[in-house]
Amino acid sequence: MKRLEYPALGETVFAGRLPCGLELRVVQKRGFARVNAFLAVDFGSIDTDFTFEGARRRVPDGIAHYLEHKMFDLPEGNAGNRFSESGAYSNAFTSYGMTAYYFSCTEETEQNLRLLLRMVLTPYFTAESVEKERGIIEQEIRMYEDSADSRAGEELNRCLYASHPLRVPIAGTVESIAAITPELLTLCHRAFYQPANMMLCVVGDVDPERIAAIVADCVPQTEAALPIRHYGGAETLLPVTRERRLRMEVSMPTFSAGFKCPPPERTGDPMRQEVLCELASELLCGESSPLYARLYEANLIDSDFSAGYESTRQAALFSASGDSRDPRAVLDALLAEAQRIAREGVDRTRFERLKKSSIGRRTRDLDGFDSISYRICAYHFDGADYLTFPRAYERVTPEEIQDFLAQTVVPERAALCIVEPRRDAT
């Protein structure tokens, strides 16, 4: 294991790569009783079109999320129950870009780590259990369909993208998951659940070499070939649809406004791009911004308003969302303020203050075992070392933020989705 020091953050990480290709990171936290293990698979909801074993494959939308649900099944029973029996908390999630499985415990760390690795590397899908899970996931999908916030965000992605799978909900649809079979789950597991497509991050007061030895004992010894992914046709920076309106049982309109961004290159500097966009968001409409204060005082937004940048393979967007009696006025205000900053430039004093504040938030987040595990893995899959983020802030300039707002927060790149209250039936 290679020892990596991050003196600016006071963090020490031990890094290694096993012969099978699995990336291992151990973050030492001396004096803590709790240990957190986070096993991430570079396989998310957008990975439905790929070439594997010489053939082009197209699997149903939502299959990564479905697979996540089924990975807790082992021939001898449910792995979640076994974690609980040893006093560990376990869970999993699927995002657009990855699937992750994790546990937290204060004892029996080695036993739980072996269980985590065996669970994720063991495909066990019976026809009966797969069919039973379908009903559970259908209920989850319908729950999201009843959420105005979720619908606004998902519809915004459909407005922005013509063919990229970001336009499809993470869990898929009731119709798409109806086509998922044990055979398709096995195919996706064989293609993507290879150690060379994974990263394990362990955080706590543990011996890195002992962790590495346990992992080496649980995984294959050789590295397997990985699939080639496809994400649809080439996208322009123009949205497909400028505006979309839905009606749901809400008391006030919910909206999501977005601006299409060039996706960061995995071989470039994705961390720097994210930091730049984060600071641009804060300067434009963060809680300390003049625009936020004006919109709040005019009752056009409330405390649930948020804005930020999101990226995945071959797709990226800057968005703002919340509740508003006049979403179009909020979008117009965002556009006007971005144009003002583009003309007048960035307030350098405010820029430096926001930069320090943002670095402080990220540094405090490192105290959270879940947070540091997730970020180390997610940024690794994006081609970045997350713990180098202080250097990314050093390289961002006010002029770059000014250029980003001038080029991105413009009418031609904008789309707006509004969820309106249903009309009274009269």
Side-chain angles (χ1 to χ4, degrees), residues 44 46 95-98 149 152-154 156-157 159-161 164 166-167 170 231 235 237-239 255-266 268-289 291-292 301 304-322 330-331 334-335 337-338 341-342 346 350-351 354-355 357-362 365 371 374-375 378-384 386 388-410 412-417:
I46 64 173
S95 67
Y96 289 112
M98 79 175 185
D149 293 339
E154 290 171 355
L156 174 66
N157 290 345
C159 288
L160 290 173
Y161 286 94
H164 192 282
L166 186 67
R167 66 195 311 277
I170 290 172
Y231 296 112
E235 297 270 358
L237 289 175
L238 303 178
F255 76 94
S256 190
F259 305 88
K260 217 166 177 180
C261 304
E265 296 291 336
R266 285 170 62 85
D269 193 348
M271 173 69 68
R272 186 169 179 274
Q273 177 69 14
E274 180 181 291
V275 165
L276 188 157
C277 296
E278 175 190 307
L279 291 173
S281 172
E282 288 293 324
L283 283 160
L284 176 65
C285 57
E287 290 187 10
S288 66
S289 69
L291 176 61
Y292 184 99
I301 62 171
D304 289 332
F305 175 81
S306 63
Y309 172 79
E310 180 179 7
S311 69
T312 188
R313 283 186 174 93
Q314 298 183 22
L317 66 147
F318 170 71
S319 64
S321 60
V330 177
L331 175 58
L334 289 168
L335 290 165
E337 181 68 0
I341 295 173
V346 171
R350 188 160 170 261
F351 168 77
L354 288 174
K355 186 164 68 171
S357 175
S358 183
I359 293 173
R361 286 197 302 273
R362 286 185 185 261
D365 282 346
S371 175
Y374 165 77
R375 292 177 184 275
Y379 282 82
H380 170 76
F381 292 151
D382 285 339
Y386 179 69
T388 63
F389 69 78
R391 293 205 297 269
Y393 282 92
E394 292 172 2
R395 296 194 293 270
V396 173
T397 67
E399 290 76 19
E400 288 176 305
I401 291 177
Q402 183 179 352
D403 290 343
F404 171 81
L405 293 174
Q407 296 170 16
T408 304
V409 186
V410 292
E412 52 268 30
R413 289 201 195 176
L416 176 65
C417 178

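Computation of the quantities below employed the complete heavy-atom set of this structure, encompassing side-chain atoms and omitting hydrogens, waters and symmetry-equivalent molecules.
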Could you check whether any side-chain heavy atom of [X] comes within less than 4.5 Å of a side-chain heavy atom of [Y], counting everything from C-beta outward?
X	Y	answer
Phe318	Cys277	no
Tyr96	Glu310	yes
Cys285	Leu334	yes
Val330	Phe305	yes
Tyr374	Tyr386	no
Arg375	Asp365	yes
Gln273	Pro262	no
Thr312	Tyr231	no

Flag, side chain of [X] to backbone of [Y], donor-acceptor distance under 3.5 Å:
X	Y	result
Glu235	His164	yes
Thr388	Arg391	no
Ser357	Leu354	no

- [ ] Starting from the C-alpha separation in whole Å, work towards a yes-or-no answer on side chain to side chain contact (heavy atoms under 4.5 Å, CB included) for Leu335 and Phe259.
- [x] CA-CA 10 Å; Leu335 290 165; Phe259 305 88; 3.7 Å; yes
Open item on the list: Looking at Tyr309, I'd like to know if its OH atom is crowded, meaning that more than 12 non-hydrogen atoms belonging to other residues, nucleotides or ligands lie closer than 6.0 Å.
Closed with: yes
TODO: Please work out which of the three classes, parallel, tilted or perpendicular, describes the rings of Tyr393 and Phe389, given edges at 30° and 60°.
DONE: perpendicular
Open item on the list: Go through it in stages, so that I can follow the logic: the residues are Leu156 and Leu317, the test is side chain to side chain contact (heavy atoms under 4.5 Å, CB included), and I'd like the CA-CA distance, side-chain angles, deciding distance and then a yes or no.
Closed with: CA-CA 10 Å; Leu156 174 66; Leu317 66 147; 4.1 Å; yes
- [ ] For Ala415 and Pro239, work out which heavy atoms get closest and say how close.
- [x] CB-CB, 4.1 Å
- [ ] Verify whether one side chain among Glu274 and Tyr379 offers a donor that lies under 3.5 Å from an acceptor in the other.
- [x] yes
TODO: Mind checking salt bridge (Lys or Arg N to Asp or Glu O under 4.0 Å) for Arg413 and listing every partner two or more places apart, or none if nothing turns up?
DONE: none
- [ ] Run through Ile401, Leu279, Thr397 and flag the one making a side-chain contact (heavy atoms from CB on, under 4.5 Å) with Val346.
- [x] Ile401
